[in-house]
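Note sheet for the following structure.
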Amino acid sequence: MIASLSRSLLRSMTAALAALGLAAAALAADKPQVMVLATGGTIAGAGAQAANSATYQAAKVPVDKLLAGVPELGNVAQVRGEQVFQIASESFTNEHLLTLAKRVAALSKQADVDGIVITHGTDTLEETAYFLHLTVRTSKPIVVVGSMRPGTALSADGTLNLLNAVTVAGDASARGKGVLVVMNDEIHTGRDVAKTVNIKTEAFKSPWGPLGMVVEGKSFWFRAPAKRHTVNSEFDIDKITALPSVEIAYGSGNASDVAPRALAAAGAKALVYAGTGNGSVSKQVVPALRELRAQGVQIVRSSRVNGGGFVLRNAEQPDDQYDWVVAHDLNPQKARILTSVALAAGADSKALQRIFLDY
Ligand code: DAS
């Protein structure tokens, strides 16, 4: 009697567990599939003690531990992780950009990937995000995320940033908006955003404002990107095998032409000049830039002034006469990325200027 009772109890418990399993699988099945590609940075950092919010070692925590540290991720997506690099982002090279972008492009073609998150150091996050924005031809959400404090710090920002990034990457409303950067509850376009403060959690700003916000699992949009990107880009990572060397020379009082000449002599195919004010160039430097232009080096005038305006062509310098290019509203580090991508596609100075107005 007891044996048959326990057998039927066992049968009904097994059936219940199977039903639960199916329900869990069904629940999971209706969640977007998000790939998290880890590259290092503070979001993977660790400090000696909780009070160390700015003194720590970046690029220590592996991707599986990052994901395990945010169990809430399972409520918003089916998440898989992959460790692409484990470095501080100030050490990113053009080769790192190419490797990462090619991996993102390949994953974006997979039917079992609905969105991609890249965890990244904050120092050059804006450059990587823009590079992906220009070259990865997908309308699936690609979200780059970092943190200003290591996970070991009091009031660490990385876990909520990661949850928000995965939320946006799995959100159909984020499709077609280009590469996004999610930090501090805000959603920025990879084109405009820059790190404007070096040790606060509210570090990332876009001169023309964020695209939206992500709060408690929902994305709220207030504007859309105005320039070409991803599926509407003429650039394609699958066709880029190398990025030409483009260097940045910084303008200041008492400027000299030593840096521009040395950078060109070292093989730079283009120089981005971070000019003062409206991209102004000291008269001690103009002759060298004109000589380098005559030798085939492209000259791009950007500005050291933080965003919110743009360098006007033929205003501070006769760009038409010198055959120089203006970076429009792009800061020097973004101008470096776009110039390198454009030169890789064979752009001459005329095409380069059009590209700066289109992207
Ligand atoms: N060194 C910084 C970097 O890896 C740490 C960070 O802020 O992520 O970009």
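Note that this is a predicted model, so its numbers are computed, not measured. Values below: every heavy atom of this structure, side chains too, minus hydrogens, waters and symmetry copies. First listed ligand is number 1; within each ligand, the first listed atom is number 1.
For the residue pair D112 / Q110, a side-chain donor-acceptor distance below 3.5 Å is found, with atom types taken as modelled. When only modelled atom types and interatomic distance are considered, T99 and H96 share no side-chain donor-acceptor pair under 3.5 Å.
Centroid-to-centroid, the aromatic rings of Y359 and Y130 stay 6.0 Å apart or farther. In this structure, F204 has its ring center at least 6.0 angstrom away from the ring center of H188.
Partners of Q284 under the side chain to side chain contact (heavy atoms under 4.5 Å, CB included) rule, at least two apart in sequence or in another chain, are S282.
Nearest protein heavy-atom neighbour of atom 1 (N) of ligand 1: E90 OE1, 2.7 Å. Atom 7 (O) of ligand 1 has T122 OG1, 2.4 Å as its closest protein atom, hydrogens excluded (heavy atom only). In terms of protein heavy-atom proximity, atom 4 (O) of ligand 1 is closest to S89 N, 2.8 Å. Counting only heavy atoms of the protein, atom 5 (C) of ligand 1 lies nearest to T42 OG1, 2.7 Å.
Checking only distances, T124 never comes within under 3.5 Å of ligand 1, N or O to N or O. Geometrically, ligand 1 and D123 share a nitrogen or oxygen pair separated by less than 3.5 Å.
At a 4.0 Å heavy-atom cut-off, ligand 1 touches Y56 through the side chain alone.
Judged by distance alone, the side chain of K200 and the main-chain N or O of T196 form no donor-acceptor pair under 3.5 Å.
Contact atoms of ligand 1 toward G41: 4 (O), 8 (O) (distance under 4.0 Å to a heavy atom of the residue).
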